Number of protein chains: 2
Amino acid sequence: MEVVSLSHSVVGRQRRTPKKRKGNSETPGLTKEAVIEAALKLIDTTDLESFSMRNLAKELGVYPTAIYWHVPSRNAVITEMISRVLGGIVPEEQDDWKEWLKQLFRNYRQAIRVHPNVAPLIGVQLVSNASVDLDMIESILRTLSKAGFADDDLLAVFNAVIATMVGFTTQEFSMVPKEEADDWAAAMQNVVASVDDTRHPILARNAGNFANKAFILRWQNGAFSPLDSGFETFIQAVVDGLEVRLSQ
Amino acid sequence: MEVVSLSHSVVGRQRRTPKKRKGNSETPGLTKEAVIEAALKLIDTTDLESFSMRNLAKELGVYPTAIYWHVPSRNAVITEMISRVLGGIVPEEQDDWKEWLKQLFRNYRQAIRVHPNVAPLIGVQLVSNASVDLDMIESILRTLSKAGFADDDLLAVFNAVIATMVGFTTQEFSMVPKEEADDWAAAMQNVVASVDDTRHPILARNAGNFANKAFILRWQNGAFSPLDSGFETFIQAVVDGLEVRLSQ
DNA sequence: ACCTGAACACCGTTCAAGT
DNA sequence: ACCTGAACACCGTTCAAGT
């Protein structure tokens, strides 16, 4: 996988490239790898709000400013985390382009499920593209080309594919307010339970089924209440719809 | 439009309900409406990073803490802004359910285009649901029911619809790093310009077309580089795919 | 009722100083 | 080379005090 990192020119500049450690088993000190690893551990065990450079330093047992020797900025840490989380989601080549795409979408979602709190960072920050995986892009383009999309269509369909891959999962694992989580859950449950069946009859009829399992009407995110059937329905619709487009 | 606000129970508690002003033209003072309006103006003219309670206070010419008399928390401001931005996106009823859905998606995107910096807040924070628009939900469910979706399918398709509505646009208008925007644009342009055409031939062939117009390979967001064709392709594919599902 | 003003517990990041 | 430590310019929010 060729990942072109823009970290140096983009997310901040490192003062010097730290010297690589010798192979012998000295005290490890701090390394970039250790920083990223600790960052992932921190974001996994707490949440996105608690993910700060200062808490990261606490986790590592160093002063906050020590981190900046190994990593140029907070955005760089985020970039590195993302490319680590999303590494290896590109499926094996396959004849059926629809199946290949669905597998890509599922692999993305599975990768996020392992580190759900990272999800909000990807869909929402253009910086998340700072480490561009050209191999992934080429694989998608190859699949779409084989399927029959070309020229201007290739761009439009590519954008549709990326939106499909990222969009559902980003929302599924969106941030839950930390402090007021309990109050909020209670309030939302109350809303769902007391839907007026003359004003909103269809919703009232389906309220039990929708509670905490529908976007907008849930009080937990995908880490606790996964939206499997919605996801499968969504990606199936997209690939079916793209097939319809091909036949026109 | 019945918007159920969870602000009181969820996003913080107000100390007292401020008394409504009399009709005569006294000095206006501060009101909740003025706070939300200034918040939108601030987020529109600057960006999401600059949107802080303290900057909001500066904009209003008051001390930061004065805001808290009218609004319980930052999350409440966000909630109010979102429901203001997304007010009135539900289309008129219509026979063709596919057209109705597409119109909903387009209305959502148009609403976001007026206040692009609000976009990241919606897709990514569960708090964004704090003001639940039950009328919108019922309208979607009515349309889907008329189309023929029922029972468990209704939930899955509803989730697919919300993901479609929010997902593409959230990414299209994702946050651009403020400080290093120029450096980053240059670096990304360089990546796109120097794609190796033996390793990534299809991308190399399409690089000119993809530069700043494809997800992952752009350095500006939808406010400067809108992805119209991708969006239309995406929503058309979704509704076509849902129609395929109906016919099975 | 509504605002000021001080204060608390946080941020990311820079830079000089140590070893 | 790599870390400490102080410092800067920020945050959201609470609470007492003013008017």
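So you know, we letter chains A, B, ... as the sequences are listed, proteins then strands, and number each from 1. Keep in mind that what you see is a predicted model, and the values were worked out from it rather than measured.
A:Ser174 pairs by the side chain to side chain contact (heavy atoms under 4.5 Å, CB included) definition with A:Arg218, B:Leu126, not counting sequence neighbours. In this view, B:Asn190 satisfies the side-chain hydrogen bond (donor to acceptor under 3.5 Å, both in side chains) rule with no residue, not counting sequence neighbours. For B:Lys41, the salt bridge (Lys or Arg N to Asp or Glu O under 4.0 Å) partners at least two apart in sequence or on another chain are B:Glu59. Residues satisfying the side chain to side chain contact (heavy atoms under 4.5 Å, CB included) test with A:Pro120, not counting sequence neighbours, are A:Leu48, A:Met175, B:Val124. Partners of A:Thr46 under the side chain to side chain contact (heavy atoms under 4.5 Å, CB included) rule, at least two apart in sequence or in another chain, are A:Leu42, A:Ser50. Checked against ring-ring contact (aromatic ring centres under 6.0 Å, His included), B:Phe173 has no partners two or more places apart in sequence or in another chain. With sequence neighbours excluded, no residue forms a ring-ring contact (aromatic ring centres under 6.0 Å, His included) with B:Tyr108. Residues meeting the salt bridge (Lys or Arg N to Asp or Glu O under 4.0 Å) test with A:Asp44, sequence neighbours left out: none.
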Give me the distances for all protein-to-nucleotides 6-9 of chain C N/O pairs that come in under 3.5 Å?
none

What protein N or O atoms touch nucleotides 17-19 of chain C N or O atoms at under 3.5 angstrom, if any, and at what distances?
none

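Look at A:His70 and you won't find any side-chain N or O under 4.0 angstrom from OP1 or OP2 of D:dA1. Contact annotation: B:Asn55 side-chain N/O to D:dC11 OP1/OP2 distance is under 4.0 Å.
Taking atom P on both nucleotides, D:dA9 is separated from C:dA9 by 22 Å, rounded to a whole Å.
Closest approach to the A:Val62 side chain among D:dT4, C:dT14, D:dC2 is made by D:dT4 (side chain taken as heavy atoms from C-beta onward). Set against C:dG12, D:dA1, D:dT13, the side chain of A:Trp69 has D:dA1 as its closest nucleotide. Among the nucleotides D:dG12, C:dC3, C:dT13, the one closest to any side-chain atom of B:Leu30 is C:dC3. When distances run from any side-chain atom of A:Ser73 to the nucleotides C:dC11, D:dT4, C:dT13, the shortest one goes to C:dT13.
In this pair, B:Phe168 and B:Phe231 present their aromatic rings perpendicular. The plane angle is above 60°, beyond the 30 to 60° band.
Straight-line distance from the CG atom of B:Leu48 to the P atom of D:dC11: 13 Å, rounded to whole Å. Atoms CD1 (B:Ile67) and P (C:dT4) sit 10 Å apart, rounded to a whole Å. At whole-Å resolution of the value, CG in A:Leu60 and C1' in D:dT4 are 15 Å apart. Per the geometry, CG belonging to B:Leu56 stands 14 Å off C1' belonging to D:dC11, to the nearest Å. The separation between B:Arg74 atom CZ and C:dC10 atom C1' is 14 Å, rounded to whole Å. Rounded to an integer number of Å, the gap from B:Asn75 CG to D:dT13 C1' is 12 Å. A straight line from CD of B:Glu49 to P of C:dC11 spans 17 Å, rounded to a whole angstrom. The CE-C1' distance, from B:Met53 to C:dC10, rounds to 16 Å in whole Å.
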Once Watson-Crick and G-U wobble pairs under 3.5 Å are found, how is DNA chain D written in dot-bracket notation, 5' to 3', with | for any base paired to another strand?
||.|||||...|||||.||
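Residue pairs meeting the salt bridge (charged side-chain N to carboxylate O under 4.0 Å, His left out) criterion with at least one partner in residues 108-122 of chain B, sequence neighbours excluded, are B:Arg109-B:Glu172, B:Arg109-B:Asp228, B:Arg113-B:Asp228.
No more than 12 heavy atoms of other residues, nucleotides or ligands shown are found within 6.0 angstrom of CD on B:Glu37.
When all heavy atoms of B:Gly230 and A:Ala160 are compared, the pair lying nearest together is O-CB, 4.3 Å.
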